[in-house]
Amino acid sequence: MKKEQVVNCQFSVWYPIFKKHSIKSVILPLPQNVIDYLLDDGTLVVSGSDHNTQQTDINNTDLNAEEDIQAPEFPEFTSKVLEAINALGGRVFPKLNWSAPRDANWIALNSSLQCDSLSDIFLLFKSSDFITHDLTQPFVQCSDQDSPDPVINYELVLRKWSELIPGGEYRCFVKENKLIAISQRDYTQYYQHVLKQEEQICQAVQEFFSQHIQYNFLDEDFVFDVYRDSQGKVWLIDLNPFGEVTDSLLFSWEELMSGGEIAQQQDGPAFRCTTSEVTVQPSPCLSYRIPRDFVDLSRGEDAYKLIDFLKLKKSQQEESEEEEEEDEEEEGEEESVPQ
């Protein structure tokens with residue numbers, strides 16, 4: 001996988017080519033001050049002129065903040081984001097040049113990537129390792145590390161929110177402009193209709209590829225994601241580099257890289273799906289989650305947990321101070337003992 005291939009898989013590169021076969025989207029340049037905020041490891045404070053900053057009022061406590069933490073404001077950018085969200089129907093799916101914050105949906109109030117404000121987007125982006133990867137090391141797994149990194153103009157992509165059924169999503173692997181493999185996208189679940197409709201699914205995806213995708217992309221090796229709706233129509237969802245930076249799902253990169261041996265075993269592309277409930281696996285994004293108590297604290301949903309947490313911190317601080325005083329008293333007594 002070359003750096004040029006990664007660059008070619010940016011949303012703003014492929015979307016204009018396949019726009020009429022994909023979901024309506026708006027691309028906004030990401031200002032440098034917003035990028036700096038997203039990469040800031042400090043306290044997570046999200047607000048903006050689109051939403052009023054929410055504060056939790058905790059009664060019966062004498063614990064007051066010494067100063068208010070102000071959320072950063074980006075008025076011009078916020079205005080553009082709100083305009084785009086309204087143009088897309090009021091609800092959007094956000095992503096950057098390559099990745100969406102799929103690993104951070106646990107922190108959202110609705111446990112999904114559906115956003116209707118810049119605050120929602122910031123909360124997901126600042127909680128996502130996928131987004132951090134896009135911003136800091138998009139070329140880390142490229143083979144041509146000796147060459148200079150291309151200049152990247154980062155962008156916020158807002159896609160019209162669509163209720164996609166996970167059982168209708170598929171990942172397709174293309175090598176030398178030939179479709180060699182198709183994998184069920186949500187391989188952690190068993191979908192009976194996928195197993196029953198394997199032939200129809202393969203035929204629909206192959207026709208879509210040959211009619212709209214093949215030879216029209218900038219590279220001959222790439223990965224693309226599609227969605228097949230209830231009417232059998234196929235939509236292009238995303239394009240990804242052909243390499244280990246992209247999840248190979250029910251295949252391995254070793255077999256995908258082996259010169260098309262998979263496709264040679266049969267006339268068309270190899271198709272794999274979860275064949276029974278016995279093979280259902282946990283979501284790979286579970287490893288990015290944190291304990292429920294921390295989620296409640298981050299959302300401000302449980303004031304009693306926050307009170308207990310602050311009391312615990314105060315108690316620990318008092319114990320630490322008492323230990324320091326005892327150590328000082330012991331040192332004073334040792335100095336007063338005659339030699």
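No experiment lies behind these values; they were computed from the predicted model shown.
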Participant: Aromatic contact between Phe224 and Phe209, with the criterion being ring centroids under 6.0 Å apart: yes or no?
Facilitator: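 Yes: the rings meet the under 6.0 Å criterion.
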Participant: In Å, rounded to the nearest 0.5 Å, how long is the span from OH of Tyr190 to CD of Gln184?
Facilitator: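 Output value for this atom pair is 10.0 Å.
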Participant: Are the charged groups of Lys2 and Asp144 less than 4.0 angstrom apart, N to O?
Facilitator: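 Judged by the 4.0 Å cut-off on N to carboxylate O distance, Lys2 and Asp144 do not form a salt bridge.
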Participant: Looking only at side chains, do Ser112 and Asn105 share a donor and an acceptor under 3.5 Å apart?
Facilitator: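 Their side chains do not contain a donor-acceptor pair, so the 3.5 Å distance test is not met.
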Participant: Between Gln197 (side chain only) and Val194 (backbone N and O only), is there a donor and an acceptor less than 3.5 Å apart?
Facilitator: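 Pair absent, no side-chain N/O of Gln197 close to backbone of Val194.
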Participant: Return the orientation label for the Trp14 and Phe11 ring planes: parallel under 30°, perpendicular over 60°, tilted otherwise.
Facilitator: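 Rings of Trp14 and Phe11: perpendicular, as their planes differ by over 60°.
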Participant: Scan side-chain atoms only and decide if Gln114 and Trp161 contain a donor-acceptor pair under the 3.5 Å cut-off.
Facilitator: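 Trp161 and Gln114 do have a side-chain donor-acceptor pair below 3.5 Å.
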Participant: Does any donor atom in the side chain of Arg159 or Ser22 lie under 3.5 Å from an acceptor atom in the other side chain?
Facilitator: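 The criterion, which ignores hydrogens and geometry beyond distance, is satisfied for Ser22 and Arg159.
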Participant: Checking Lys126 against Tyr37: charged group under 6.0 Å from the ring centre and within 45 degrees of the axis?
Facilitator: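 That pair qualifies as a cation-pi contact.
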Participant: Quiz question: by atom type and distance under 3.5 Å, do the side chains of Asp134 and Thr132 form a donor-acceptor pair?
Facilitator: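 Their side chains do not contain a donor-acceptor pair, so the 3.5 Å distance test is not met.
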Participant: With a 3.5 Å distance limit and no angle check, can you tell me whether Ser127 reaches the backbone of Leu123 through a side-chain donor-acceptor pair?
Facilitator: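 Answer holds: yes.
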Participant: Sub-3.5 Å donor-acceptor pair from the side chain of His212 to the main-chain atoms of Glu207, do we have one?
Facilitator: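 No, His212 side chain to Glu207 backbone: no donor-acceptor pair under 3.5 Å.
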Participant: Starting from the C-alpha separation in whole Å, work towards a yes-or-no answer on side-chain contact (heavy atoms from CB on, under 4.5 Å) for Val174 and Ile180.
Facilitator: CA-CA 6 Å; Val174 177; Ile180 63 171; over 6 Å; no
Participant: Mark yes or no for whether Asp186, through its side chain, and Pro166, through its backbone, hold a donor-acceptor pair below 3.5 Å.
Facilitator: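 Judged by distance alone, no pair lies under 3.5 Å.
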Participant: Report the distance from atom OG1 of Thr136 to atom CD1 of Ile35, rounding to the nearest 0.5 Å.
Facilitator: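 That separation rounds to 12.0 Å.
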Participant: Using only atom types and a distance under 3.5 Å, with no angle test, would you say the side chain of Gln145 pairs donor to acceptor with the backbone of Cys142?
Facilitator: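 Judged by distance alone, yes, a pair lies under 3.5 Å.
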Participant: Atom CD1 of Ile131 and atom CZ of Phe125: how far apart are they, to the nearest 0.5 Å?
Facilitator: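 Ile131 CD1 to Phe125 CZ: 4.5 Å, rounded to 0.5 Å.
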Participant: Is the backbone N or O of Asp247 less than 3.5 Å from a side-chain atom of Arg171, with the two atoms forming a donor-acceptor pair by type?
Facilitator: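 Side chain of Arg171 to backbone of Asp247, a donor-acceptor pair under 3.5 Å: yes, one is there.
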Participant: Does the Ser183 side chain pair with the main chain of Arg185, one donor and one acceptor, at a distance under 3.5 Å?
Facilitator: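 No.
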Participant: State, with a plain yes or no, whether a side-chain heavy atom of Met1 is found less than 4.5 Å away from one of Val6.
Facilitator: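 In short, these two side chains touch, coming nearer than 4.5 Å.
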Participant: Should Phe77 and Leu118 count as side-chain neighbours, where that means a heavy-atom distance under 4.5 Å?
Facilitator: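 With C-beta onward as the side chain, the pair touches.
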Participant: Do Leu135 and Val81 belong to the same hydrophobic cluster, where Ile, Leu, Val, Met, Phe, Trp and Tyr are linked whenever their side-chain heavy atoms lie under 4.5 Å apart, directly or via other members?
Facilitator: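 Linked, Leu135 and Val81 end up in one cluster.
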Participant: Could you tell me whether a side-chain N or O of Asp219 sits under 3.5 Å from a main-chain N or O of Asp221, the two making a donor and an acceptor?
Facilitator: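 It does not hold such a pair.
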Participant: Could you verify whether a donor N or O on one side chain and an acceptor N or O on the other, from Trp235 and Asp229, lie under 3.5 Å apart?
Facilitator: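 Yes, Asp229 and Trp235 have a side-chain donor paired with an acceptor closer than 3.5 Å.
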Participant: May I ask you to decide if Phe139's main-chain N or O and Asp149's side chain share a donor-acceptor pair within less than 3.5 Å?
Facilitator: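 No, Asp149 side chain to Phe139 backbone: no donor-acceptor pair under 3.5 Å.
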Participant: With heavy-atom distances below 4.5 Å as the criterion, would you say the side chains of Leu30 and Glu155 are in contact?
Facilitator: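 No, their side chains stay 4.5 Å or more apart.
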Participant: For the residue pair Gln200 / Arg228, report whether a side-chain donor-acceptor contact shorter than 3.5 Å exists.
Facilitator: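 The answer is no; no qualifying pair exists.
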Participant: What distance do Leu236 atom CG and Lys20 atom NZ have between them, rounded to the nearest 0.5 Å?
Facilitator: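 Nearest 0.5 Å value for the CG-NZ distance: 13.0 Å.
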Participant: Do Pro150 and Glu4 make a side-chain contact, defined as non-hydrogen atoms from C-beta onward lying under 4.5 Å apart?
Facilitator: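 A side-chain contact is absent here, since even the closest heavy-atom pair is not under 4.5 Å.
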Participant: Treating Lys80 as the side-chain partner and Glu83 as the backbone partner, does any N or O pair qualify as donor plus acceptor under 3.5 Å?
Facilitator: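 Flag not set: sc Lys80 to bb Glu83 has no pair under 3.5 Å.
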Participant: How long is the straight-line distance from OG1 of Thr275 back to OH of Tyr191, given to the nearest 0.5 Å?
Facilitator: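 One finds 14.5 Å between OH of Tyr191 and OG1 of Thr275.
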Participant: Take a 6.0 Å sphere around CD of Gln32 and say whether it holds more than 12 heavy atoms from other residues, nucleotides or ligands.
Facilitator: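 Above 12, so yes.
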Participant: Can you confirm whether Phe74 sits close enough to Glu76 that some side-chain heavy atom of one is under 4.5 Å from a side-chain heavy atom of the other?
Facilitator: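 Phe74 does not reach Glu76 side chain to side chain.
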Participant: Hey, can you tell me if His21 and Phe208 have their rings parallel, tilted or perpendicular (30° and 60° cut-offs)?
Facilitator: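 If you compare the ring of His21 with that of Phe208, the planes turn out perpendicular.
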Participant: For a 4.5 angstrom cut-off between non-hydrogen side-chain atoms, does Leu239 reach Val223?
Facilitator: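 Leu239 does not reach Val223 side chain to side chain.
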Participant: Do Lys175 and Glu220 have side chains that approach each other closer than 4.5 Å (heavy atoms only, starting at C-beta)?
Facilitator: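 SC-SC contact between Lys175 and Glu220 ruled out.
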Participant: Looking at Phe217 versus Phe222, is the centre-to-centre ring distance below 6.0 Å?
Facilitator: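 Distance test on ring centres: under 6.0 Å, yes.
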Participant: For the residue pair Gln189 and Thr274, establish whether any side-chain heavy-atom pair is separated by less than 4.5 Å.
Facilitator: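 Answer no - side chains too far apart.
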Participant: Any chance you could measure Leu195, atom CG, to Cys273, atom SG, to the nearest 0.5 Å?
Facilitator: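 Here the rounded value is 5.0 Å.
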